There are 2 protein chains.
Amino acid sequence: MRVRLEDVARAANVSPKTVSRVLNDEANVTDATRERVRAAMEAMDYRPHPSARSLAGNRSFLVAMLYDNNDNPASTYLAEIQDGVLEACDAHRYSMMVRPLRMRGGDFIRRFDALISDHHPDGVVLTPPITDYAPLLKRLRESNVPYASVSPQRRGKVIGVTMDEQRAARAIVEHLLELGHRRIAHVIGIADHGASRWRLAGYREAMAAAGLPEDPALVVQGAFTFGSGVEAARKLFALAKRPTAVFAANDDMATGVMWAAGEYGLKVPHDLSVCGFDDTPLSRQLWPALTTIQQPSREMGKIAAEQLLGALRGHGAGQLVQVPFVLQIRGSTAAVP
Amino acid sequence: MRVRLEDVARAANVSPKTVSRVLNDEANVTDATRERVRAAMEAMDYRPHPSARSLAGNRSFLVAMLYDNNDNPASTYLAEIQDGVLEACDAHRYSMMVRPLRMRGGDFIRRFDALISDHHPDGVVLTPPITDYAPLLKRLRESNVPYASVSPQRRGKVIGVTMDEQRAARAIVEHLLELGHRRIAHVIGIADHGASRWRLAGYREAMAAAGLPEDPALVVQGAFTFGSGVEAARKLFALAKRPTAVFAANDDMATGVMWAAGEYGLKVPHDLSVCGFDDTPLSRQLWPALTTIQQPSREMGKIAAEQLLGALRGHGAGQLVQVPFVLQIRGSTAAVP
DNA sequence: GAGCAAATTGACAGCGCTGTCATTTATGCC
DNA sequence: GGCATAAATGACAGCGCTGTCAATTTGCTC
């Protein structure tokens with residue numbers, strides 16, 4: 001039979017309420033009592049019943065991770081974030097659920113409300129691009145559900161984790177400039193995503209700093225997908241003055257650019273340097289391997305969850321933590337011929 | 001304030017217990033009453049409190065999806081399975097949690113027990129290679145936790161979903177044979193995984209059927225990773241009589257083979273045909289794109305979860321459903337020169 | 001329409017915990 | 001040492017449901 005809190009109380013010779021206090025790390029228990037109760041719990045291998053705790057205490061010990069499964073970023077990125085969130089939740093004995101939540105389609109808010117009333121999460125972790133969906137943020141505040149964001153566009157009072165994507169983008173374009181490239185193209189991601197904006201801004205910043213005026217023909221719209229990278233590249237290769245290097249806003253599109261280069265008989269990196277952003281496993285498996293920006297996604301998921309959990313447990317308000325990036329230089333970029 | 005079952009009962013002019021019966025689709029409620037209660041629930045947008053239900057009814061409405069995060073298959077594969085499981089759980093108003101569970105390391109069973117006593121899932125979905133880990137299966141039976149498996153090795157009384165991987169492997173090797181290849185190599189996956197065994201068996205079956213004796217030098221051990229594919233390919237390319245085609249047991253290894261081909265100056269598919277297994281998104285993004293076997297992973301996750309949920313809700317015992325595969329012929333395979 | 005079995009409905013306790021508030025014990029101060 | 005105050009502990013109700021079993025209604029037979 002299951003060991004209940006009452007059994008532990010009897011064994012430690014205290015009231016159930018005191019055991020509950022120890023369980024929840026509450027104040028007003030002498031060290032001696034606390035130790036005795038802890039020992040009893042340990043000895044009996046006591047496991048609190050989550051539903052009972054949740055029902056009586058009016059909280060669920062549940063964190064929901066929300067993602068968009070329609071404009072969603074690469075699944076490996078999400079899987080890594082998820083892994084990090086899970087790790088943090090486990091450490092704090094919270095459980096985690098994942099919720100795909102299609103942003104397009106009018107009933108987004110209704111489905112969010114259903115999530116809340118069906119599962120009562122104590123808090124929510126938002127992943128891009130959901131981090132910036134205003135109606136959702138509004139609803140979260142209204143319903144008083146704490147949340148943390150991974151790479152949100154707006155800073156301010158938001159808690160969670162970011163990386164300086166603009167500086168990273170600038171760094172990768174500077175790498176191309178150092179290799180002697182001047183006609184450097186950029187393939188933009190989905191227009192309103194923060195990732196797209198920052199990466200474009202970093203590109204512009206580096207180009208401007210190098211004294212190169214922007215050539216609108218070299219900045220092409222993409223959509224973060226492989227296919228959109230292929231199409232963007234075709235436009236670029238059809239130009240009279242073709243670029244010598246392309247910086248795509250993510251690895252999938254960069255892969256598309258490399259594919260299109262194959263189509264046009266362009267050798268990477270000899271005839272064309274290509275770089276991406278994200279350092280997906282894929283980027284190491286291409287031939288040649290892709291120069292890109294490594295983002296510590298798993299770590300970012302973990303940090304976002306930790307900020308959320310810290311806030312939930314009243315350890316201060318939580319912050320927006322910034323993590324470093326790494327420029328991964330591989331075979332897809334080389335000096336201009 | 002939250003709408004409770006009691007409120008619905010009052011509105012429908014019945015006892016709380018009757019509302020509970022309607023909620024749980026129990027027998028012995030007249031159609032008229034049932035309809036009246038349903039209408040009241042609808043009108044009040046009633047949402048049962050999961051913890052209360054769980055506490056009183058001694059079940060959790062929770063399904064746990066277990067995966068191995070150390071020998072784990074490609075993350076996109078798992079992400080798709082997860083998506084399917086989630087879809088099925090949602091449809092039946094169950095919640096889902098994901099649990100990475102490292103198979104190596106002695107405390108596997110202890111961590112599994114912790115999962116059960118911490119979260120009380122009503123059932124478990126197993127993904128490969130965890131599906132075949134005997135100590136776990138034993139423990140599941142002992143603790144009487146229902147489970148469904150995705151691609152289990154053992155058949156018998158197991159419920160879940162499979163694909164005829166041997167026949168699929170045979171089909172892809174037959175495709176190579178039809179292109180005129182005779183020296184066809186195979187790169188094996190991690191030895192004791194069902195996937196590796198079936199795919200090897202299919203390869204052998206096709207070769208034997210074509211009257212080709214097995215050349216041990218052409219069958220190389222890999223480990224399902226990109227790197228192991230590269231290494232396996234180097235061994236193959238170093239042979240005096242190099243193969244004209246390679247069938248790798250998954251796409252990651254096939255990608256490694258293509259990479260190694262680049263190293264050796266071999267053109268795919270002109271000098272070497274390569275094919276894989278799984279149809280990961282990656283396989284379409286290579287140049288040339290990879291001939292491979294498409295597995296309906298998402299669908300498989302959904303089916304496994306449905307079998308489990310069906311069994312949980314007493315709709316019969318559940319079955320082992322077999323799903324079809326599709327041979328995706330792409331640019332990486334061509335006629336022998 | 002009485003008599004009986006079967007179907008339907010309801011009363012009530014209790015799942016395992018925590019919130020509230022009362023009670024007991026320790027601590028500090030003159 | 002006596003008193004005021006704070007810290008520690010406990011009693012008890014109740015969170016929102018469902019299981020058990022008793023009460024009531026319905027349908028059937030003769």
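Just so it is clear: chains get the letters A, B, ... in the order the sequence lines come, proteins before strands, and each one is counted from 1. Keep in mind that this is a model prediction, so the values were computed, not measured.
Sorted by residue number, the members of residues 12-21 of chain A with any non-hydrogen atom under 4.0 Å from DNA chain C read K17(A), S20(A). Shown for residues 26-54 of chain A: residues whose heavy atoms fall under 4.0 angstrom of DNA chain D, namely N28(A), V29(A), T30(A), T33(A).
A search for salt bridge (charged side-chain N to carboxylate O under 4.0 Å, His left out) contacts involving R139(B) returns D113(B), E142(B), not counting sequence neighbours. F61(B) pairs by the ring-ring contact (aromatic ring centres under 6.0 Å, His included) definition with Y94(B), not counting sequence neighbours. The side-chain hydrogen bond (donor to acceptor under 3.5 Å, both in side chains) search around H120(A) returns R2(B), not counting sequence neighbours. Residues passing the salt bridge (charged side-chain N to carboxylate O under 4.0 Å, His left out) test with R102(A), sequence neighbours excluded: none. Taking D118(A) as the reference, R47(B) meet the side-chain hydrogen bond (donor to acceptor under 3.5 Å, both in side chains) condition, with sequence neighbours excluded. Partners of S60(A) under the side-chain hydrogen bond (donor to acceptor under 3.5 Å, both in side chains) rule, at least two apart in sequence or in another chain, are D122(A). In this view, I159(B) and A148(B), Q307(B), A311(B) satisfy the side-chain contact (heavy atoms from CB on, under 4.5 Å) rule, not counting sequence neighbours.
Residue pairs that meet the ring pair (Phe, Tyr, Trp, His ring centres under 6.0 Å) test with at least one member in residues 121-155 of chain A, sequence neighbours left out, are F108(A)-Y133(A). For residues 8-22 of chain B, every residue pair satisfying the salt bridge (Lys or Arg N to Asp or Glu O under 4.0 Å) rule, not counting sequence neighbours, is listed here: E6(B)-R10(B), D7(B)-R10(B).
The overall bend of the helix from dG1(C)-dC30(D) to dC30(C)-dG1(D), read as the angle between its terminal helix axes built from five base pairs each, is 20° when rounded to 10 degrees.
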